Protein chains: 2
Amino acid sequence: MTVATQRVADHLRSAILGGHIAPGERVRQEDIAQQLGASRLPVREALQMLAAEGLVEHEPNKGARVPWLSMHEVDVMYKMREQLEPLALAESMPFLTPGDLLRLDEIQEEIETGVDVESFMSLDREFHLRTYSACGIDQLTNAVTRLWNSTQYYRRAFMQLTGPSRRWVVNAEHRLIIDAVSRRDEVDAGRFLAGHIRRTRIELRRHPEVFAE
Amino acid sequence: MTVATQRVADHLRSAILGGHIAPGERVRQEDIAQQLGASRLPVREALQMLAAEGLVEHEPNKGARVPWLSMHEVDVMYKMREQLEPLALAESMPFLTPGDLLRLDEIQEEIETGVDVESFMSLDREFHLRTYSACGIDQLTNAVTRLWNSTQYYRRAFMQLTGPSRRWVVNAEHRLIIDAVSRRDEVDAGRFLAGHIRRTRIELRRHPEVFAE
DNA sequence: CTGCCATGCATTGGATCCAATTTTCAACCC
DNA sequence: GGGTTGAAAATTGGATCCAATGCATGGCAG
């Protein structure tokens, strides 16, 4: 079961995260199967996984499609991030090596060179998620990753809309977080991280045109 | 796909939550299929869903089994609950009807009659989860429900071990929460709820014999 | 008697096939 | 001309079948 199913699930996940399958769009089993040279069966199993992750919706006899999220839904998901990510960072803190800290710095330096939207999205994602994975608690990292995945489309739409104008705020916040993590100050780190997420949420709310309805 | 798969998934979920399939136990596809009078295919798809929910682990060519959780994992999951459930309650608060509040009171009264472990588990679950579902944000209620599901086995083992001795603490905390919710005081309600979960977590940590290793 | 290897059984992984439902599109009636 | 109804095509749901992998038992050699 697993090998083909896993391949298909990974493919579909990155297709959705990459914006190649947009909200509202239907995912036909046969299409994906041919595209990957597999039968429909692994595709169906992969779709069940993605449905459980919230990346697709499944209606009986109608198939799978990527769901639209309302602004309110995304807003609440950002509030969830605001609660969970400081916890994830605190749980990871004891396991972060000097090498991890160096990598954080590298990522941030690259972000500050003023990369394009796609590169920024990928680097920003790594900046946050790689840090959390050190805690080793799958249930926690999975929950956070799911929140990132489900909201990725709207984050991209927002950034394409606003451009890199307020990128300097992100940089300042990231630097504060890096600094606190380096000092192993989990209270400060959590505070800065929560503030960072909170500010992003508020800014996102200023652009309702990104969402459904 | 969905009707049979959903049936199988629901069946397996309640079998695991009911303790009829314990951690470490293997879930054979053929067994479940015969048990429900279906073919193996819906079973396989249901197992993918449960795997994504964390209720089973899937190893290639070896099949699915219910995973053991370490004390540390459960501890972190309780910390996640401590973060998420106050948020869920706050988001639900505006949508709670007088009827909902009445139901909360009913449940708590029944708990206070001194029911057995199984009834308590079910009533306690309803007390918490039904409240949150009013918020209407699937991503939030699902996340919380998953945390309850994954830790249910250890909660039951803990209660069977300690008996109803400290049930009065739960009752007092529930009453505080009900009262705050009735007053529509989301700050107090969140505080009491977080404290309730936190105390449970600490007490659970006193019984390492419940966990793996 | 013990440890290793091989053969056979059980279980899972994947593909193909058929039935059921939905969707599309066109003809027809108002 | 627009809306409704019908049938055909497309798509999904479910079952059966075959291959591949893992596990256990038993035989053989040391």
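The chains referred to below are lettered A, B, ... by the order of the sequence lines, with proteins before strands, and numbering in each begins at 1. Here the structure is a predicted model, which is why all the values come from computation and not from measurement.
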query: Quick one: Arg40(A) CZ to dT12(D) P, roughly how many Å, whole number?
result: 7 Å
message: Could you go through Arg7(B) and Asp10(B), starting from their C-alpha distance and side-chain angles, then the distance that decides it, and tell me whether this counts as salt bridge (Lys or Arg N to Asp or Glu O under 4.0 Å)?
response: CA-CA 5 Å; Arg7(B) 251 175 50 82; Asp10(B) 290 346; over 6 Å; no
- prompt: For Glu25(A) and dT11(D), what is the distance between atoms CD and P respectively, to the nearest whole Å?
  reply: 14 Å
message: Can you confirm whether more than 12 heavy atoms, excluding those of Glu173(B), are under 6.0 Å from its CD atom?
response: yes
field: Value in whole Å for how far the P atom of dT12(C) lies from CD of Glu45(B)
entry: 16 Å
- prompt: How close or far is atom C1' of dG22(D) from atom NE2 of His58(B), stated in whole angstroms?
  reply: 13 Å
task: Please state how far atom CG in Leu41(B) lies from atom P in dA19(C), giving the value in whole angstrom units.
output: 17 Å
query: Atom CD of Gln29(B) to atom P of dT16(D): distance rounded to whole Å?
result: 15 Å
query: Is it true that Asp100(B) and Arg103(B) have a side-chain N and a carboxylate O under 4.0 angstrom from each other?
result: no
message: Please verify the inter-ring angle class for His174(A) with His128(A); under 30° counts as parallel, over 60° as perpendicular, anything in between as tilted.
response: perpendicular
dG14(C) base / Arg44(A) side chain donor-acceptor hit below 3.5 Å: no
field: Rounded distance (Å) that lies between atom P of dT12(C) and atom CG of Leu47(B)
entry: 9 Å
query: Under 30°, 30 to 60°, or over 60°: which ring-plane class applies to Trp68(A) and Tyr153(A), parallel, tilted or perpendicular?
result: perpendicular
message: Taking any heavy-atom pair under 4.0 Å as a contact, classify Val27(A): base, sugar-phosphate, or nothing.
response: sugar-phosphate
Hey, what are the protein-to-nucleotides 22-24 of chain C N/O distances that come in under 3.5 Å?
none

task: Provide, to the nearest angstrom, the distance between the CD atom belonging to Gln6(B) and the C1' atom belonging to dG14(D).
output: 15 Å
field: Closest to the Arg28(A) side chain, choosing from dG14(D), dT12(C), dT11(D)
entry: dT11(D)
- line: The side chain to side chain contact (heavy atoms under 4.5 Å, CB included) partners of Leu102(A) (sequence neighbours excluded) come to none
- prompt: With Tyr132(A), which residues qualify under ring pair (Phe, Tyr, Trp, His ring centres under 6.0 Å), at least two apart?
  reply: none
